[in-house]
Amino acid sequence: EMRNVASSLFDSFFFILFSLLVLLPAQNIQFQSERIEIKIGDDQVQVAGTYYLYNPASFPLSRTMYYPFVVDDRLEYPDSIHVTLSTVDHSLAFRPESNGIFLSIPFLPGQLITLTVFYSQKTLANQFEYILTSTKEWNRPLQLASYIIKIPKTKQQMGRPSWWERVYN
């Protein structure tokens, strides 16, 4: 699992690590792009992940996907989870597990689906992680990835974050 430190806040104690969802198995479905927006609050973080998935096959497919969360002594299990697909007009059902959720996604032939996962999670130690895994299982790189981190002005640091020198020098 590849993890990247994305930001250091709250006097260098607030770390963000990224993650992609995991497809079980990837097979013919193409994970084309993603847009992750993370909104940081005082003791809670909201994540809205939008993932673009394509079925290039000439037949319908149904895939099970696992969407992980970091749950430990710093981060509680998300208190709110909402999943939608662009192909249905209601929330997508999911099966909660101790560190994530399982989703079953139906694909029609040649169909591009937008999967949106929203969750909010309490931060108990001014830290947050979002798991980033390799796209190796998808057998192709993402065409586009966008990560947006919204930090309240009261939590922003001036200049480079403390981890900058360790990472880039």
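Any value given below was found using the heavy atoms of this structure, including those in side chains, with hydrogens, waters and symmetry copies removed. Numbering starts at 1 and runs along the sequence shown.
- To the nearest 0.5 angstrom, L75 atom CG is 4.5 Å from Q121 atom CD.
- Contact of the L142 side chain with the F31 side chain is registered, since non-hydrogen atoms from C-beta on lie closer than 4.5 Å.
- L61 contributes atom CG, which lies 4.0 Å from atom CG of N55 (distance to the nearest 0.5 angstrom).
- Note that CG of L53 and CD of Q111 are 10.5 Å apart. Values are rounded to the nearest 0.5 Å.
- The salt bridge (charged side-chain N to carboxylate O under 4.0 Å, His left out) search around D89 returns none, not counting sequence neighbours.
- In terms of the salt bridge (charged side-chain N to carboxylate O under 4.0 Å, His left out) criterion, E76 has no residue partners (sequence neighbours excluded).
- Remark: side-chain polar atoms of S146 are not paired, donor with acceptor, to backbone N or O of R35 under 3.5 angstrom.
- The two residues D73 and L124 come nearest to each other via the heavy atoms O-CD1, 3.8 Å.
- For K39, the salt bridge (charged side-chain N to carboxylate O under 4.0 Å, His left out) criterion is met by no residue, not counting sequence neighbours.
- Residues satisfying the side chain to side chain donor-acceptor pair (under 3.5 Å) criterion with D72, sequence neighbours excluded, are R74.
- Pairs engaging residues 43-54 under the salt bridge (charged side-chain N to carboxylate O under 4.0 Å, His left out) rule: none recorded [sequence neighbours left out].
- If you check the side chains of Y147 and E37, you find no donor sitting under 3.5 Å from an acceptor.
- In this structure a side-chain-to-backbone donor-acceptor pair under 3.5 Å is missing from N28 to A57.
- Residues passing the side-chain contact (heavy atoms from CB on, under 4.5 Å) test with S104, sequence neighbours excluded: S62.
- A salt bridge (charged side-chain N to carboxylate O under 4.0 Å, His left out) check over residues 96-121, counting only residues at least two apart or in different chains, returns the pairs R95-E97.
- Identified under the salt bridge (charged side-chain N to carboxylate O under 4.0 Å, His left out) test for residues 102-116, with sequence neighbours left out: none.
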Begin from the C-alpha positions of F59 and F107 and carry the test side chain to side chain contact (heavy atoms under 4.5 Å, CB included) through to its verdict.
-> CA-CA 9 Å; F59 50 89; F107 291 86; over 6 Å; no

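- Side-chain contact between V83 and L103 is present, with heavy atoms from C-beta onward closer than 4.5 Å.
- Under the 4.5 Å side-chain heavy-atom criterion for ILVMFWY residues, no single connected hydrophobic cluster contains both Y54 and Y51.
- Annotation: side chain of I36 is not in contact with side chain of I148 (no heavy-atom distance under 4.5 Å).
- Note that OH of Y52 is 11.0 Å distant from CD of Q32, once rounded to the nearest 0.5 Å.
- Side-chain contact check for I105 versus M65: some heavy-atom pair is nearer than 4.5 Å.
- For S120, the side chain to side chain donor-acceptor pair (under 3.5 Å) partners at least two apart in sequence or on another chain are Q44, D79.
- Transitive grouping of hydrophobic side chains (ILVMFWY, heavy atoms separated by less than 4.5 Å) keeps L144 and I29 in distinct clusters.
- Residues T84 and L92 form no side-chain contact, since every pair of their non-hydrogen atoms from C-beta on lies 4.5 Å or further apart.
- Two residues are said to be in side-chain contact when any heavy atoms from C-beta on lie closer than 4.5 Å; Y66 and N99 meet this criterion.
- Looking at Q30, its side chain never comes within 3.5 Å of a backbone N or O of L112 through a donor-acceptor pair.
- Scanning for side chain to side chain donor-acceptor pair (under 3.5 Å) contacts around K122 gives an empty result, with sequence neighbours left out.
- Proximity of I101 to I81: side-chain heavy atoms (C-beta onward) are separated by under 4.5 Å at one or more points.
- The side-chain contact (heavy atoms from CB on, under 4.5 Å) search around A48 returns F118, not counting sequence neighbours.
- Contact annotation: the side chain of T64 approaches that of F102 to within less than 4.5 Å [non-hydrogen atoms, C-beta and beyond].
- Partners of Y77 by ring-ring contact (aromatic ring centres under 6.0 Å, His included), not counting sequence neighbours, listed by chain and number: F69.
- Taken from OG1 in T50 to CG in L115, the straight-line distance is 8.5 Å, to the nearest 0.5 Å.
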